Amino acid sequence: MMFSQTRKNFTQNPKNDILAGITVSLAMIPEVVAFAFVAQIDPLVALSGAFIVGLIAAIFGGRPGLISGAAGAVAVIFVNLVSEGHERGMLFDTPVENMGYFYLLAAVILMGLIQIGAGVLKLGRFVRLIPHSVMMGFVNGLAIVIFLAQVRMFSHKELEIGADGLKRYINIPMQGSELYTMLGLVGLTMAIIWLLPKITTKIPSALIAIIVTSGVVIFGGLDVSTVGSYIIEGGGDGLKGELPTLNTELWQNLPINFATLKFILPYAFLAASVGLIESLMTMNLVDELTDTRGNGNRECVAQGAGNMVSGLFGGTGGCGMIGQTVININAGGRGRLSGIAMALTLLTFILFTAQYIEQVPIAALVGVMFMMVIETFAWSSFRIIRKIPVADAFVLVTVSAVTVIYDLAIAVFIGVILSALVFAWKNATMIRARKRIKEDGTKVYEIWGPLFFGSVQNFNNKFDVKNDPQNVVIDFVESRVSDHSALEAIFNLVNKYEAEGKNIKLKHLSEDCKTLMYKASPKFKEVIIDAIDDPRYHLAADPEKFTKPLSEYKPEFD
């Protein structure tokens, strides 16, 4: 049974996985190269990182079918690190050229260590705390980012020499026949991807679309932007490279001291956070698309191991890539073999078939990415946005906007914080008190709803200490005392009643609540009424306020 499950994770359909991996590797090249230019590093460094991270994550990760590589979300974080690292290198006693590259490798290694630590500490499970509205905002925002990146492909780079004598490349928008040809090829690619599945699903439509569009360009002699010309326009030498090897220059040039750690740590931590967030949220998306469930903690460790090895072998950092993952799933890739095939195909392109892959038109790859954006974007959000709570709609739009304007990590953090505040506010208004007078004149307050830091003020407003009768009972049978703020509110309320010379009793408090109150003051043994049906749950409170840590109190169930 275990062998069968392992084989199922590796591949359910070898042909589909291999063809999907080949398709994804083609779609990955322009994005990886584009963000290599943004981060001011050699495109081959980014492609090597995509191969290493993609291979290790595919073999050992927690989500078969998820595609990892040198993603732009991580690359943009290292832009300032590389440029400032170059400046630092020139200030050494013996100046070191390209020092920013060595700082980058060190940061990628540290990034991997942080991610492995997150997996070991089982922090991957916290992705479950991300609300659905944040998930939809993340998907929509990332789809918009990928779309805008493809729109920038409708331009070409020209070399310009500025007044300062420095050479720089500027983007010139396409015009005239060049633009119309590009649009026509993109339209052809998208049409094939849309129509082919209606005829057959045995082969990935995206792969056929790339082959057909490339054939039209090559045999038609069309003068359009290709993978090769795109790399050269950006300042690269081409796609041809060598097998990644252990980078010994890193340890020869990088100063191993606290100053280096202090410099690279913020970048490494932010890159690790962004990488894990994008990987885990992409994993959740694959879970929904395939109706299966991945292992978040295992994915954290695999991503970290991939980044560590990538840094040691001279590659840049990476993470799960939502665009390429959606292409893989749509092409039929479900097992680990699809990610392995992607990585090995990418390496094959670099080592042996660069001259052929460089002839692939950028328009074909842009068409594939446009179709992926259409598939990824949660179009249902337009339909449901008026039907869901206003707060959820606000969170969805905010996360989408922040993802586009800033970055993924900030967007998710803001989304989770907004959702938590909305949740706290809603629960704060749910506290209720039903009041009744018993035959002997005792006033009973039956508390309904959660009592926590957000509802304490509303809780206090329910009581009329001065005008209440001599005997008062507060019954918590329909309430849950959740944190230390709630305990403090109960303490203060009891003190107010006793200051007025009135008798107060508390009923249906959990064992945790009673234990902590007894520790705080012996008088509560007279105030609290023990009952057989007292609730049993764990109380989240500050153990430093009491003589014994909460961890020593073992509730029967949570």
Side-chain angles (χ1 to χ4, degrees), residues 5-6 8-13 16-25 27-28 31-32 49-74 112 115-116 118-119 123-125 127-128 130 135 138-139 142-143 146 204 206 272 274-307 309-310 317-346 369 372 375-376 408 412:
Q5 183 64 35
T6 301
K8 185 178 179 182
N9 286 338
F10 181 76
T11 182
Q12 297 181 38
N13 189 315
N16 286 352
D17 281 345
I18 292 172
L19 292 177
I22 295 172
T23 306
V24 172
S25 64
M28 182 172 289
E31 181 172 350
V32 171
F51 158 68
I52 294 172
V53 175
L55 182 63
I56 292 177
I59 296 174
F60 302 106
R63 175 64 268 179
L66 189 150
I67 300 296
S68 299
V74 173
Q115 291 178 326
I116 291 175
L123 300 183
R125 59 189 174 184
V127 74
R128 301 176 192 170
I130 298 176
M135 183 68 184
F138 152 79
V139 169
L142 217 52
I146 295 172
V274 170
L276 289 184
I277 289 172
E278 182 161 0
S279 298
L280 294 174
M281 294 190 74
T282 302
M283 184 188 77
N284 273 4
L285 180 63
V286 178
D287 288 351
E288 292 182 8
L289 293 174
T290 61
D291 196 24
T292 56
R293 184 170 181 177
N295 186 322
N297 295 317
R298 181 172 175 176
E299 188 64 37
C300 291
V301 174
Q303 293 286 339
N307 281 307
V309 175
S310 179
C319 65
M321 303 175 73
I322 187 171
Q324 282 66 23
T325 298
V326 171
I327 293 173
N328 181 56
I329 297 299
N330 289 341
R334 293 293 186 274
R336 297 186 185 278
L337 182 59
S338 60
I340 296 171
M342 181 282 299
L344 295 179
T345 304
L346 193 61
M369 296 304 289
M372 181 278 303
E375 289 284 343
T376 303
L408 170 66
V412 173

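Not measured: the values here are computed from a predicted model. The first residue in the sequence is number 1, and the count goes up from there.
Residues N284 and M135 have side chains in contact (heavy-atom distance under 4.5 Å, counting atoms from C-beta outward). Residues V301 and Q115 fail the side-chain proximity criterion, which asks for heavy atoms closer than 4.5 Å. The shortest distance between side-chain heavy atoms of R336 and I59 does not fall below 4.5 Å. Side-chain contact between L285 and V326 is present, with heavy atoms from C-beta onward closer than 4.5 Å. Side-chain contact check for F51 versus L344: some heavy-atom pair is nearer than 4.5 Å. Residues I340 and F10 meet the side-chain proximity criterion, which asks for heavy atoms closer than 4.5 Å. Here the side chains of I322 and I146 are in contact, with some heavy-atom distance below 4.5 Å. Residues V53 and L55 fail the side-chain proximity criterion, which asks for heavy atoms closer than 4.5 Å.
In terms of the side chain to side chain donor-acceptor pair (under 3.5 Å) criterion, T23 has no residue partners (sequence neighbours excluded). Partners of E299 according to the side chain to side chain donor-acceptor pair (under 3.5 Å) rule, which considers only residues two or more places apart in sequence or in another chain, are Q303.
Paired with T282 under the rule side-chain contact (heavy atoms from CB on, under 4.5 Å), one option of I277, L142, L66 passes, and it is L66. In summary, of the residues considered (N16, I329, N13), a side-chain contact (heavy atoms from CB on, under 4.5 Å) with R334 occurs for I329 alone.
Taking CE of M342 as the start and CE of M321 as the end, the distance is 8.5 Å to the nearest 0.5 Å. One distance of note links CD1 of I18 with OG1 of T11; it measures 7.5 Å at 0.5 Å rounding. Between L289 atom CG and T325 atom OG1 the span is 10.0 Å, to the nearest 0.5 Å. Within the model, atoms CD1 of I22 and CG of D17 stand 11.5 Å from one another, a figure rounded to the nearest 0.5 Å.
Considering every non-hydrogen atom in both A331 and P204, the closest pair reads CB-CB, 3.7 Å. Of all non-hydrogen atoms in I56 and A302, the two that sit nearest each other are CG2-O, 3.9 Å. A118 and L276 make their closest contact through CB-CD1, 3.7 Å (heavy atoms, listed as atom of the first residue, atom of the second, distance).
Side chain of S338 to backbone of G333: no donor-acceptor contact under 3.5 angstrom is found. Using modelled atom types, one side-chain atom of T290 and one backbone atom of V286 make a donor-acceptor pair closer than 3.5 Å. N297 places a side-chain N or O within 3.5 Å of a backbone atom of G124 that can act as its donor or acceptor partner. Here the side chain of N328 pairs no donor or acceptor atom with the backbone of I67 at under 3.5 angstrom.
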Where do L280 and C300 land on the side chain to side chain contact (heavy atoms under 4.5 Å, CB included) test, with the steps shown first? CA-CA 8 Å; L280 294 174; C300 291; 4.1 Å; yes
Full working for side chain to side chain contact (heavy atoms under 4.5 Å, CB included) between M283 and E278: CA-CA 8 Å; M283 184 188 77; E278 182 161 0; over 6 Å; no
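We find that R63 and D287 are joined by a salt bridge, their nearest charged nitrogen and carboxylate oxygen being less than 4.0 Å apart.
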